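All values reported here derive from a predicted model rather than from experimental measurement. Computation of the quantities below employed the complete heavy-atom set of this structure, encompassing side-chain atoms and omitting hydrogens, waters and symmetry-equivalent molecules.
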Amino acid sequence: MEQFTPIKEGKVREVYDIGDSLIIVATDRISAFDVILKNQIRKKGTILTQMSKFWFNFTKDVIPNHMISVNVKDMPEFFQNDDFNGNSMMCRKLEMLPIECIVRGYITGSGWVSYQKDGTICGIKLPEGLKESEKLPEPIYTPSTKAEIGLHDENISYEKSIEILEAKFPGKGEEYARKIKDATIALYKKCADYALSKGIIIADTKFEFGLDEDGNVVLGDEMLTPDSSRFWPLEGYEAGKSQPSFDKQFVRDWLKANPDSDYLLPDEVVNKTVDKYKEAFALLTGLYAQ
């Protein structure tokens, strides 16, 4: 049996090259504030992979994506075991674009902090008098750079995203910047409307895109998981305060309140996080994580 080792390890994912395609494995690791925590969150990797699968299928009419299969029987024998079953996705190879595509539909987090200072988010002027967690008149696109592990991503303007893409792809910067911005907004609107009908508010999220061998823009990485998005319950939502959350905001809040934790979570926080991920998955997909 051919053995494989990851060609890349991120904070949460491991990537294997199997020749004409990649296998992306979502581990049970969890990161917060760009640090990998000492705990594992059981079944988290499976939930992330299956949720991405759901959204990739749901949005393939908006833009093509990199997913080929999540069935380990379609993968080399090395992957056909319990370590990889459910949490692995076979994907097309893409040349990833060096921009994180962030879209915000509600004002929260760092955006709320910025708005309180000067009425803007990432340099975008917003109406006066918005409250914390309020829905924005229209979703806004706030791209950022992609940082290496341990470093922070940096928010940039749309114009700066054109510059970065132009430097890497001469003559194509403006075209690629426009395409990923338009796709980001279109994906968010379709998925946020759907999620709302299932009782979940998608406050914000991020997407990543790459180029296929023909130079077409393709959606890659993960999609609308609790790791890459803020999910709030619609029930009880009220602007003017922070919202309870289905994502790892719960972990972030605990770490902020316990600065001496050395990034080790108590069991109750781990269990509550798992339950939140499972609940969001069930509400959105109608399926239940085992």
Side-chain angles (χ1 to χ4, degrees), residues 10-13 26-45 47-48 51 100 102-117 121-122 130-136 140 142 144 147 149-155 188 192 195-196 198-206 222 224-284 289:
K11 291 191 280 278
V12 172
R13 282 174 177 65
T27 70
D28 289 345
R29 295 193 294 265
I30 187 166
S31 74
F33 306 116
D34 293 316
V35 175
I36 299 169
L37 273 55
K38 293 180 175 173
N39 308 75
Q40 302 246 317
I41 306 287
R42 290 178 304 283
K43 281 292 172 192
K44 172 174 168 282
I47 293 169
L48 296 187
M51 196 173 273
E100 299 225 318
I102 297 162
V103 55
R104 303 166 190 261
Y106 293 73
I107 186 164
T108 185
S110 61
W112 171 242
V113 173
S114 171
Y115 176 77
Q116 286 177 291
K117 274 188 199 147
I121 296 181
C122 301
L130 292 176
K131 295 189 274 197
E132 183 179 8
S133 306
E134 190 166 347
K135 186 176 184 180
L136 296 169
I140 59 172
T142 59
S144 79
I149 290 181
L151 301 173
H152 290 283
D153 299 337
E154 181 190 344
N155 291 329
Y188 174 77
L196 211 53
K198 300 294 181 184
I200 289 183
I201 292 168
I202 302 175
D204 53 36
T205 192
K206 76 175 175 71
E222 65 181 319
L224 285 163
T225 70
D227 266 18
S228 65
S229 323
R230 274 194 182 89
F231 292 154
W232 298 336
L234 176 60
E235 189 179 341
Y237 164 75
E238 188 186 340
K241 58 180 187 186
S242 66
Q243 307 298 312
S245 145
F246 285 110
D247 52 51
K248 62 184 180 184
Q249 191 59 42
F250 182 70
V251 171
R252 291 190 199 103
D253 291 345
W254 187 87
L255 289 169
K256 273 187 194 165
N258 296 273
D260 300 329
S261 66
D262 195 28
Y263 294 98
L264 182 66
L265 304 173
D267 285 347
E268 67 182 276
V269 175
V270 171
N271 293 334
K272 199 160 176 182
T273 303
V274 174
D275 290 344
K276 286 284 174 202
Y277 277 52
K278 284 181 173 176
E279 188 183 351
F281 180 76
L283 282 170
L284 289 167

Exam field: side chain R29 to backbone G10, donor-acceptor pair closer than 3.5 Å
yes

Is there a side-chain contact between T108 and D204 (heavy atoms, below 4.5 Å)?
yes

Given 3.5 Å as the limit, does a donor-acceptor pair link the side chain of T27 with the main chain of R13, or not?
no

Passing candidate, side-chain hydrogen bond (donor to acceptor under 3.5 Å, both in side chains) with K44, options D227, T273, D28
D227

Please name the pair of heavy atoms, one in R252 and one in A32, separated by the smallest distance, quoted to 0.1 Å.
CG-CB, 4.2 Å

Donor-acceptor pair, distance only, cut-off 3.5 Å: does the side chain of K38 make one with the backbone of L265?
no

For the backbone of I202 and the side chain of Y188, can you confirm whether one donor and one acceptor N or O come within less than 3.5 Å of each other?
yes

Between R104 and C122, is the side chain to side chain contact (heavy atoms under 4.5 Å, CB included) condition met? List the steps.
CA-CA 11 Å; R104 303 166 190 261; C122 301; 4.1 Å; yes

State, yes or no, whether a side-chain contact exists between M51 and L224 at a heavy-atom distance under 4.5 Å.
no

So does T205 get a backbone contact from the side chain of S228, meaning a donor-acceptor N/O pair under 3.5 Å?
no

W232 vs Y106 aromatic rings, parallel, tilted or perpendicular, using cut-offs 30° and 60°?
perpendicular

Whether the side chain of Q243 engages the backbone of E238 through a donor-acceptor N/O pair (distance < 3.5 Å, no angle test) should be reported.
yes

